Amino acid sequence: MKKFLTFILKFILVLGLTYGAYHLLFWFLWVADFGPDAYDGSYQRALLWQYEALAEEDREPEVIVFGSSYVPFGIDAETMSGILGQNVQTLGVEASLGIPVLVDILYDTAKPGDTIVYMLGKSNWSQEDFFVISCALEENKELLQQYWDSRPGVLEGQRNKMLWRKLYTLLVGDLIETIRSAISDKEQVYSIDSFDVSGNMVGLREGTLISTDVGPSDTLSFEDMELETMDMLNEFSLWCEENDITFVIAYSMTIEGSLVETEEDLSLYHRQMTDYMNADILGIPEDYFLPVEYFYNHPLHLNSEGAKVYSQLLAEELLEYRN
């Protein structure tokens, strides 16, 4: 009996030490200020740069364009700034970030006098990848903790994934990237090196990597929109109005000839969007139709030339709206 009790006590002790070591390791990897940064080279880190640029206390009112990956690929900040005479900042990196976290950032950082443009495309989803966002914010422990606190209970379900994925990245991440670079001669434009210090994409994207054989195969309808996101944006629009911030919506880019919808269908879509949203919409969907030659590696990603064309269109629509 004594041996059995000793065994039980040792077992409990081992469990306690293992549990403590597990949580200590997680704390060191993710929470401690002196912990290792495994994702400083990931392109998602641009989200943190965007937050820091927007959070500058002495910045002047500016134009902020936010949304999914078509924002960094589609907005040439220099082109828009030249037309508007005002600094332009993008907010958004990829669809896995989700729109809610971007809106949360704007609640924290938007200032009176700002003009905020939501680029409306099909990736208007509320779903977000908790791990990816944590990687993006990893360096700023205060902001990271703020994000975790805003999603109560999610961390516990993600803790194992976050611990082991970070260990994997720290131990073999550089080796895997070296091997990938050695066997691929393609330039990885979607990398942190493609973004400037404010998180605006400046990486050169030449040519068109998708098929240029365009036919009516894609759709654009109100039914594709996630109403949860639209309702959240309507609430945000009211907040902007109360805080002397202009909030408007612009349609994302579309390849000319790629939609199955008729002019009547597109008119209905625009009318439904206008009726549902509290914010004004800049132009109509057809205003943002572009030849396939302006697209890069995805039907919603523009090459550098296309980004300048779209940005000019958007800036001119915004100028007309202001006047």
Side-chain angles (χ1 to χ4, degrees), residues 17-53 68-69 71-73 90-102 104-105 123 125 127-203 205 297-298 301:
L17 290 174
T18 302
Y19 179 83
Y22 172 84
H23 282 270
L24 181 62
L25 179 60
F26 182 87
W27 173 83
F28 171 69
L29 290 178
W30 281 101
V31 182
D33 290 332
F34 53 85
D37 190 346
Y39 302 103
D40 53 335
S42 67
Y43 65 83
Q44 290 92 349
R45 183 56 55 87
L47 178 69
L48 179 58
W49 295 357
Q50 292 166 354
Y51 177 92
E52 292 172 342
S68 193
S69 62
V71 170
F73 275 93
T90 59
L91 176 60
V93 181
E94 63 175 10
S96 66
L97 298 182
I99 302 304
V101 71
L102 304 181
D104 286 347
I105 289 174
S123 298
W125 308 113
Q127 292 89 349
E128 58 188 50
D129 191 316
F130 186 86
F131 174 75
V132 170
I133 298 172
S134 296
C135 293
L137 304 178
E138 172 196 28
E139 183 182 20
N140 188 321
K141 302 304 182 184
E142 181 179 353
L143 191 59
L144 177 62
Q145 189 65 56
Q146 179 181 321
Y147 172 66
W148 288 351
D149 291 343
S150 71
R151 273 57 175 175
V154 179
L155 177 60
E156 290 310 310
Q158 294 279 324
R159 192 181 292 271
N160 283 339
K161 174 182 178 180
M162 293 177 66
L163 191 152
W164 298 117
R165 285 281 295 274
K166 187 162 185 178
L167 277 177
Y168 172 84
T169 301
L170 288 169
L171 293 173
V172 301
D174 289 342
L175 175 61
I176 296 298
E177 179 60 22
T178 300
I179 295 174
R180 184 204 60 75
S181 299
I183 62 178
S184 173
D185 58 357
K186 293 183 180 180
E187 182 181 359
Q188 300 299 311
V189 68
Y190 219 7
S191 71
I192 194 60
D193 295 333
S194 296
F195 295 84
D196 65 17
V197 294
S198 296
N200 293 314
M201 183 180 275
V202 293
R205 309 176 301 282
N297 60 353
H298 186 277
H301 291 176

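This structure is a prediction, so every number in the text was calculated from the model and none was measured.
Using cut-offs of 30° and 60° for the angle between ring planes, the F73 and H301 rings count as parallel. Using a 30° and 60° split on the angle between ring planes, F131 and W30 fall in the perpendicular class, above 60°.
For the atom pair I105 CD1 and L47 CG, the distance stands at 4.5 Å (nearest 0.5 Å). Put simply, CZ on R151 and CG on D104 are 4.5 Å apart, with the number rounded to the nearest 0.5 Å. Atom OG in S198 sits 15.0 Å away from atom OH in Y51 (nearest 0.5 Å). With rounding to the nearest 0.5 angstrom, the CD1 atom of I192 is 3.5 Å from the CH2 atom of W49. Interatomic distance, L97 CG to L102 CG, rounded to the nearest 0.5 Å: 6.0 Å.
Evaluation of the salt bridge (charged side-chain N to carboxylate O under 4.0 Å, His left out) test over residues 43-52, restricted to residues two or more places apart or in two chains, returns D37-R45, R45-E138, R45-E139.
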Check against side chain to side chain contact (heavy atoms under 4.5 Å, CB included), W148 and Q158
CA-CA 11 Å; W148 288 351; Q158 294 279 324; over 6 Å; no
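In plain terms, the two heavy atoms of L170 and P36 that are nearest each other are CD1-CG, 3.7 Å. Taking every heavy atom of both residues into account, D129 and K161 meet most closely at OD1-NZ, 4.3 Å.
The side chain to side chain donor-acceptor pair (under 3.5 Å) search around Q50 returns none, not counting sequence neighbours. Partners of S42 according to the side chain to side chain donor-acceptor pair (under 3.5 Å) rule, which considers only residues two or more places apart in sequence or in another chain, do not exist here.
Remark: R159 is positioned above the aromatic ring of F26, its terminal NZ or CZ atom under 6.0 angstrom from the ring centre and at most 45 degrees off the axis.
Other residues, nucleotides and ligands contribute only 12 or fewer heavy atoms inside 6.0 Å of the CD atom of E142.
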